[in-house]
There are 4 protein chains.
Amino acid sequence: MLFASDNWAGAAPEILDAVLREARQFGPAYGNADLDRAVAARFSEIFERETHVFLVATGSAANALALAAVSRPGGVVLCHRDAHIVEDEGGGVEFLSGGLRLAPLGGRLGKLDVATVEAGIARLAGNRGPSARAVAVSVTQQNEAGAIYALDEIAALGALAKEHGLALHMDGARFANALVQLACTPAEMTWKAGVDMLSFGATKNGCIAADAVVVFDKGLAEEELFLRKRAGHVFSKSRIVAAQFAAYFADGLWLRMAAHANAMAGRLREGLRAADVREAWPTAGNQVFPILKQATAARLRRAGAAFGDWPPPLDDPPDMEADEIIVRLVASFAATEAHVDAFVKALRSDP
Amino acid sequence: MLFASDNWAGAAPEILDAVLREARQFGPAYGNADLDRAVAARFSEIFERETHVFLVATGSAANALALAAVSRPGGVVLCHRDAHIVEDEGGGVEFLSGGLRLAPLGGRLGKLDVATVEAGIARLAGNRGPSARAVAVSVTQQNEAGAIYALDEIAALGALAKEHGLALHMDGARFANALVQLACTPAEMTWKAGVDMLSFGATKNGCIAADAVVVFDKGLAEEELFLRKRAGHVFSKSRIVAAQFAAYFADGLWLRMAAHANAMAGRLREGLRAADVREAWPTAGNQVFPILKQATAARLRRAGAAFGDWPPPLDDPPDMEADEIIVRLVASFAATEAHVDAFVKALRSDP
Amino acid sequence: MLFASDNWAGAAPEILDAVLREARQFGPAYGNADLDRAVAARFSEIFERETHVFLVATGSAANALALAAVSRPGGVVLCHRDAHIVEDEGGGVEFLSGGLRLAPLGGRLGKLDVATVEAGIARLAGNRGPSARAVAVSVTQQNEAGAIYALDEIAALGALAKEHGLALHMDGARFANALVQLACTPAEMTWKAGVDMLSFGATKNGCIAADAVVVFDKGLAEEELFLRKRAGHVFSKSRIVAAQFAAYFADGLWLRMAAHANAMAGRLREGLRAADVREAWPTAGNQVFPILKQATAARLRRAGAAFGDWPPPLDDPPDMEADEIIVRLVASFAATEAHVDAFVKALRSDP
Amino acid sequence: MLFASDNWAGAAPEILDAVLREARQFGPAYGNADLDRAVAARFSEIFERETHVFLVATGSAANALALAAVSRPGGVVLCHRDAHIVEDEGGGVEFLSGGLRLAPLGGRLGKLDVATVEAGIARLAGNRGPSARAVAVSVTQQNEAGAIYALDEIAALGALAKEHGLALHMDGARFANALVQLACTPAEMTWKAGVDMLSFGATKNGCIAADAVVVFDKGLAEEELFLRKRAGHVFSKSRIVAAQFAAYFADGLWLRMAAHANAMAGRLREGLRAADVREAWPTAGNQVFPILKQATAARLRRAGAAFGDWPPPLDDPPDMEADEIIVRLVASFAATEAHVDAFVKALRSDP
């Protein structure tokens, strides 16, 4: 019943085997091992084009260093006000980029839309004097509210970004969960829709610590080399980190794990519905946001369940009673039907 | 014969077992798991006092974030000009500290001495106008030239630092190798000698990726929380990284591995001597710097040996012929007598 | 009829005389001249306590460097969302402070109140993990909406700040205009009400370029020395800049000029009222915000008037017709009754 | 006898007249006045091509913001180790550029030569891993040692820079003094010789505070807009600062003042020679570096002379007795023959 986050899970056996195998050998450090090169090539295969990948320690670092590639003096990133880069990363984007600022925008379900971003760009352009210039738009896929952008929504933002000379960044901490939900290819969800920089997260989906900045442009890649270095994110035993990605991509493991996590979230949704618990808003992927009575939440926690409270969104908050709260349940690759059923059973046993 | 660096080795079986054990379970993220707390407590035990530890992804991050704790506008760190923070970290200290500058000083065997540091402090103080102020001294133990500071040498620098209101930082990427060589306690080699911030490296000595900032002062610890966060160095599955430290410290594994690495370096030294190959300078710990003819180095590499060229030091460079170079050999926990003997044999088979 | 801003005015004759006098002599550079010291002493007199003053080139620099004195990793400044530091300074505070972030809050008439700031502090404290910590509250006196904090309003914010260990900063680009309006002493409006750092602006009130960071604490002053230096804001011929302040304070010139500017704004208000033009909101000091028909604004500009459009505030926007806009009129020390009357006459001549 | 620096002088009457004239009028702020535009156009005339100029408050800001235009992650500026940007600017370049580092190089008379810079570039390129990349070379004209680069020396460095894709920056705090000494055009001394960014200083040569970043490329100019803004260096009453430049360039005033300063330095040199005082090294322009007995220096100061001690250079230090020091004498536009003669007389009156 530990649904606090998908990063509460451990790592998949296949991932661990790969780590063990690589860790028993000697090999060049700092990304110069055969396995590092093989993983880089694998990314290019998966994305169906020349792709440049930079392993880093965390999703926060991936976001910050991805956006840093387009940092300029006065540069501003347009993003949703509930985005992880705004709320949870301690100023990482601002700091590791050497001064980017974030312009938080509203939008239903944690999603940006074209009109809002356009207005944001116009507002910056209208600024008195040269004090700010938009350089990028950032979206999260799947996002913090459990929503997933449709391909045409990404493409529309991508087109808008290009029109204004901006880069499009995707925070893909839960990339695989969105991908299997949309049943599309990595290429379709990224560069074919206009994405320039991707934070590719595998940690939440069954790895130990496997996050990466992915860029499609050679010029951006050259910047990343130096950006990652000065941020202290170049693993010395990089090949052991790379081993996680190698196993992650082998035989579609990553997609199977994400599909499983999503299915477990679906089972949670069904259980909640059956128990007449309403969701705060509709979600896809592996996150669910039920509205619970505070007493129920407390009782579930006493029974061993783990989950977090979630603040009501500023955009379209659900109707709630005074004694109700929103909580977030996240299903991981390691969630089982038994976990879900135990949770639902505990929920229904309300006196 | 892979002596290029100790980070070319893999990880010890005990470390891998611990990772596996922890990775098979669920647990709180971001450092809030029981194991995170147990490891923190273990550090306090090992250092015989309240100690604050912050896991980070790399030794470079550990150095930068350790020094960042005492960063101030105009702040300058006095260090050896051959130090890793000067030569190899891509401006990481300067960047992650928000603007510290490095004042590189000379000194035999890569070591700072009191007179040199005192002169460096005086030079900064004498600067025209308030443009720079010393905030810290940084030493490497064991250092980049394979030398190890004696306890009284550290204590002398520590006393000097205190006298001038400066912090003393120790880059301990090879902390254990120095510790077993000196046969002293961690407390003696650090805070008892005046060290305020320690970069504690376990990666090179048998872990996968296990580096940490260690500080002894509560105020510095509070800064670290925010410094590490904004640098994107807070692992989500922190407990799996912590597992490495738990195993590292269990039953003296870390000291055994370091002692073994040092012994293998000692065996290398003997082999070199027997082969009439001279060392560029005397070393202790697990690094050796022989002077080889370029042809010999090339031949050894063709035979499968791995090692790096090393630039002659600016201070007291050894006498060398035009066709000679200095190379660095580093023995790791995983080096074997067979590795060493094969290398020496290859060396002696010079036609 | 040039009411676009008080920085469209030139400089007062007394100020110019002082500049000339000083510029005809030799004298030590970088703040070491007798006049630099005399001006510093004068600030202490005026503020009735030991005061530390740092001349800088602009009001933006004064704001940024004042706040920078309390910058810490993860540090956040609570301020109004319409504040100059948010809207107009190109990221100067964030940049020159080495990474402070701004938390923009709402509030009527561009003013912060205790409840809003308290909620803002609570929100930051409740952040998931150590990603942000409040370090300062910033108010503008007189502010961007032409409003002036009453002494007890400042004192309430000052008390709140102290309670939470935060510094209170005052953007005093129009310090004198507020001071004469409140008919209080500089001490009462600043440190006696809890202000720690003050941006003291004299440029808008009759000087050429005379802005300063003023701090009351010795520790903050030491930081300022280095902060200003690394920002390139130490004038070499500092004494000629200091000359402006010397004349500014002599014989109450600064108060006379501010009182005159405020009176001219009052005359504008009367003229608008007589012409049945309504103000968007009530103001004090030397700024007035009438609501004009777009056609009227255009006509006035054709007639030679200069003023800027002003965006409707997010908090309590006035009722406006579709063809109406808000404009800002600022009266300076150099505005004359003739200027005002010409403007009002042009306004009333609406066909 | 006040030869401590040329910034100990005041301002020229013509400069002051222009300031007065402009300060008596109203006019648009932030660089939008007619005079701002006229001065910008004048720079283009003087440099015989489209030139972009950005007024800033100090020479330090000009240097930092000029170099910042080519800042990139990992970026390094090659410069002389005695350069003002290394020794005197409190980390301004590093800070205002968002992280450039300085690679200090040696060289006689404070000058860089091609071989040294080439070696510096090679050393950076040879760095282990992508930790540093050269982005610019910086020279000072006239430099800190009173030396002036010949046109072909600049051109050689410019060609080298281009060859390696680096920008060439010139610190022109004493631009006019060098220019009249070389009897060449501003174009010849800058862009025709490969200079991309110029710190153009007029403060030391008769203005109050008149420094500027000058760039010849439109792309660099766009960066400067935002760089200057976030550094707080956009004067509101910019037109009054611009007035100084207008007068500076009118009727060749700037060249006359510089020629006079150089001539006074020449008279000093003659006086020293006649008094058998040797110069520490040969100089041109308006700086002279005699070797004095400490007792003599003390005596001169007691007699009212002002000048600074100068540290012996690391490259080719002059032979000196234990009781001798090097001092620096700087002649300004305001130095008179009487000043010089009084100094020389005082010097010769040695008992």
Side-chain angles (χ1 to χ4, degrees), chain A residues 28-33 36 52 54-56 61 64-76 93-101 124-125 127-135 165 197 213 215 218-238, chain D residues 28-33 36 52 54-56 61 64-76 93-101 124-125 127-135 165 197 213 215 218-238:
Chain A
Y30 297 118
N32 297 311
D36 293 295
H52 307 274
F54 300 87
L55 309 187
V56 296
L65 296 175
L67 284 162
V70 296
S71 182
R72 301 179 73 183
V76 172
V93 170
E94 293 92 329
F95 185 71
L96 291 182
S97 68
L100 281 176
R101 283 179 289 158
L124 285 173
N127 221 296
R128 290 160 276 188
S131 65
R133 54 180 165 182
V135 296
M197 300 96 69
V213 175
V215 296
K218 209 163 184 150
L220 296 184
E222 199 194 333
E223 297 308 300
E224 284 302 332
L225 273 179
F226 293 93
L227 287 164
R228 183 177 59 163
K229 179 71 187 171
R230 78 175 183 184
H233 277 281
V234 183
F235 286 108
S236 56
K237 295 183 178 174
S238 169
Chain D
Y30 298 118
N32 297 310
D36 294 294
H52 308 273
F54 300 86
L55 309 187
V56 296
L65 295 175
L67 284 163
V70 297
S71 183
R72 303 179 72 182
V76 172
V93 170
E94 295 91 328
F95 185 71
L96 291 181
S97 67
L100 281 176
R101 284 179 288 158
L124 285 173
N127 222 294
R128 290 158 277 187
S131 65
R133 53 179 163 181
V135 297
M197 299 97 68
V213 175
V215 295
K218 208 165 187 150
L220 296 183
E222 199 194 333
E223 296 310 299
E224 284 303 330
L225 273 179
F226 293 93
L227 287 164
R228 184 179 58 163
K229 178 70 185 171
R230 78 174 185 186
H233 276 281
V234 184
F235 285 107
S236 56
K237 296 183 179 173
S238 168

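Order of the sequence lines fixes the chain letters, A, B, ..., with proteins taken first and strands second; residue numbering starts at 1 for each chain.
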Cut-off 4.5 Å, heavy atoms of chain D, and the answer for A/Arg133 is both
request  = Heavy atoms only: give me the nearest A/Glu223-D/Pro73 pair and the separation to one decimal.
outcome  =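 What the structure gives for the nearest pair is OE1-CD, 3.3 Å.
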Item to check | Smallest separation among heavy atoms of A/Gly98 and D/Arg230, with atom names | outcome: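 Nearest heavy atoms, A/Gly98 then D/Arg230: O-NH1, 3.9 Å.
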